[in-house]
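Right, one structure below, let's go through it.
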Amino acid sequence: MYPTLTLYIDGHFVEAGDRQTLPVTDPATLERLGDLPCATAQDLDAAVAAAERAFAQWRHSSPMDRSAVLRKTAELLRSRVEAIAHGITRDNGKPLADARAEVLNSAEHVEWHAEECRRIYGRVVPARDPRVRQIVVREPVGVCVAFSPWNFPLGQAIKKVSAAIGAGCTLILKGPEESPSAIVEMARAFHDAGLPPGVFNVVFGQPAEISRRLIESPVVRQVSFTGSVPVGKQLAALAGQHMKRVCMELGGHSPVLVFDDADVDAAASLLARMKTRNAGQVCVSPSRVFVQAGVYERFVARFVEAIGAVQVGHGLDPATQMGPLIHERRLQAVRELVDDATRAGGRLLTGGARLDEAGHFFSPTVIADVPEHARIMREEPFGPVASVVKFERTEQALQVANSVPYGLASYVFTESHKTATQVMNGLEVGMVNINHSGMAHPELPFGGVKDSGIGSEGGTETFDGFLVTKMVTQI
Ligand code: NAD
């Protein structure tokens, strides 16, 4: 069932041959699933050359034609949902139902880009001289490179790929080496939908080598990356040296503010589901939970109960609600943060340890009363761990919520319109969810501020990073 892993260059699926390979393993069992070919320097140069050749045509393609290819791709992804989802569960570990949802949500993203790419408008600016016509047009930026992560192997990549293709750009994507099957399936869907050779290319290999060679290529005009803040800063710095545009979707450390007047039970059960989704390996995962004093004890009790009830296991088991972490490094990182938090005085209420399984399982964890100086209050846990802290006043909660360099998502629970407005205005973040979580839809812009990134994916903003502006004035 697990697909053969290939590169995809200039319309060809390229098997390993005598290239170096990387093993791909099931994080739940450590079983070897396949061998991933690593792109050679020649492969990277061939991908860049193919993307450059293809851009000469694709930049002038009709938005209607681009829309048609994107629509067909969405249809193919939907018709192949079972096979693609199965691959994601095997190499990423998430429950099969979540993998299916990821594929269907990805198809929706492609469709959104199919619709929006027909509406990439310019404008006419009234001129001072009646004989003059002034127009502003938006053109595709050129050949783009994208680096996508393993946590939503299809969902993260598809936004970059659809936006580039819809804007009339061409693209080389380095997919995640840990979880590559969905990327190969995505290339197959675009290929079968009739995308011309070279418009979209896929490579894998040593991330640092690939990113340097691609970003330094004079052909490449734009760099987009989803991943950690340190790597994002490194890639943005390299892009800056060569004056290339960037779109960065980086880490988060989402604050949650639960007020005395909130529906505490509803908040606790929603947050437990969100915290354990994808084993907490989600950039918008709620991770710093600030609860007002009047409902603190009740919230903590409900939250611990809900988190403790989450079924952990292999993603192919229908009873599983949470799978393993992606790799040993993540497991170590999460364990160190938990140990540090408890040493600093946090009360471990549930979880806190590696589970007695062959794979990379870590138990869903809640730590209460975590002091502000504990590492976990400043560093993104990127695992199934929530820290809960009491607050008294709104201003105090806002100050602590904003005290980290991250600024991605946030969650607020209150029945007061006044409090909701005050907090919405005061949070230094790219996304605010009030009394629910509703930010993953393609029609909404997804992105962060501060260290969490530059630019948005989705919404009507989705093409901004892939277009340049040209002004024309004519007499
Ligand atoms: P990591 O920093 O080693 O890698 C993160 C991602 O960046 C991986 O996909 C990796 O392949 C890629 N990468 C690393 N070095 C690169 C380079 N020089 N050039 C191009 N790509 C490179 O961390 P990790 O342990 O794999 O993942 C955990 C961290 O990654 C978390 O702390 C989280 O912040 C971040 N992350 C964020 C998202 C997100 O949705 N924003 C997704 C996945 C991972």
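Counting starts at 1 for both ligands and their atoms, following the listed order.
Under a cutoff of 6.0 Å and an axis angle of 45°, Lys94 and Phe152 form a cation-pi pair.
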Practice prompt. Could you check Phe204 against Trp150 for ring pair (Phe, Tyr, Trp, His ring centres under 6.0 Å), going step by step and ending with a plain yes or no?
Written response: CA-CA 12 Å; Phe204 297 101; Trp150 44 262; over 10 Å; no
Before you tell me yes or no, could you show the steps for Phe463 and His113 under ring pair (Phe, Tyr, Trp, His ring centres under 6.0 Å), namely the whole-Å CA-CA distance, both residues' side-chain angles and the distance that decides it to 0.1 Å?
CA-CA 9 Å; Phe463 293 115; His113 289 86; 5.5 Å; yes
task = Start with the C-alpha gap between Glu328 and Arg354, add the side-chain angles, then the distance that decides, and say whether salt bridge (charged side-chain N to carboxylate O under 4.0 Å, His left out) holds.
result = CA-CA 11 Å; Glu328 188 67 33; Arg354 182 178 192 152; 3.2 Å; yes
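In terms of N/O distances under 3.5 Å, ligand 1 is not approached by Cys283. When only interatomic distances are considered, the shortest N/O to N/O separation between Gln234 and ligand 1 does not fall below 3.5 Å.
Among all protein heavy atoms, the one lying closest to atom 28 (C) of ligand 1 is Arg330 NE, 3.5 Å. Looking at atom 19 (N) of ligand 1, its nearest protein heavy atom turns out to be Ser211 OG, 2.8 Å. The nearest heavy-atom contact from the protein to atom 26 (O) of ligand 1 is Trp150 NE1, 3.1 Å. Scanning all protein heavy atoms for the shortest distance to atom 4 (O) of ligand 1 gives Ser228 OG, 4.4 Å. For atom 24 (P) of ligand 1, the nearest protein heavy atom (residue, atom name, distance) is Arg329 NH1, 3.9 Å. For atom 18 (N) of ligand 1, the closest heavy atom belonging to the protein is Ala208 CA, 3.4 Å.
Contact annotation for Phe152 and ligand 1: no heavy atom of the residue comes within less than 4.0 Å of the ligand. Under 4.0 Å from ligand 1, the heavy atoms of Leu250 that appear belong solely to its backbone.
The salt bridge (charged side-chain N to carboxylate O under 4.0 Å, His left out) check on Glu249 picks up nothing, with sequence neighbours excluded. Every salt bridge (charged side-chain N to carboxylate O under 4.0 Å, His left out) that Glu111 has, sequence neighbours left out, goes to Arg78.
Close contacts between ligand 1 and Thr226 involve ligand atoms 39 (C), 40 (O), 41 (N) [criterion: under 4.0 Å to a heavy atom]. Proximity to Asn151 (heavy-atom distance under 4.0 Å) selects the following atoms of ligand 1: 38 (C), 40 (O), 42 (C), 43 (C). Ligand 1 places these atoms under 4.0 Å from at least one heavy atom of Pro149: 9 (O), 42 (C), 43 (C). Of all the atoms in ligand 1, the ones that sit under 4.0 Å from a non-hydrogen atom of Phe225 are 7 (O), 21 (N). For ligand 1, the atoms closer than 4.0 angstrom to any heavy atom of Val231 are 2 (O), 13 (N), 14 (C), 15 (N), 16 (C), 17 (C), 22 (C).
No more than 12 heavy atoms of other residues, nucleotides or ligands lie within 6.0 Å of CD in Glu52, so this atom counts as exposed by the packing criterion. Surrounding CZ of Arg378 are more than 12 heavy atoms belonging to other residues, nucleotides or ligands, all under 6.0 Å away.
Between Gln281 and ligand 1 there is no heavy-atom distance shorter than 4.0 Å. Distances shorter than 4.0 angstrom occur between a heavy atom of Gln156 and an atom of ligand 1.
When all heavy atoms are compared, the tightest approach of Ala157 to Ile183 is CB-CD1, 3.5 Å.
Proximity annotation for atom 34 (O) of ligand 1: of Glu249, Glu380, His253, Arg212, Glu380 comes nearest, heavy atoms only.
Under a 3.5 Å cut-off, the side chain of Asn201 and the backbone N or O of Gly198 do form a donor-acceptor pair. Formation of a donor-acceptor pair under 3.5 Å by the Asp43 side chain with backbone atoms of Thr40 is found in this model.
Ring geometry, Phe13 versus Tyr8: the interplanar angle falls from 30° to 60°, so the pair is classed tilted.
Using a 4.0 Å threshold on non-hydrogen atoms, atom 10 (C) of ligand 1 does not count as touching the protein.
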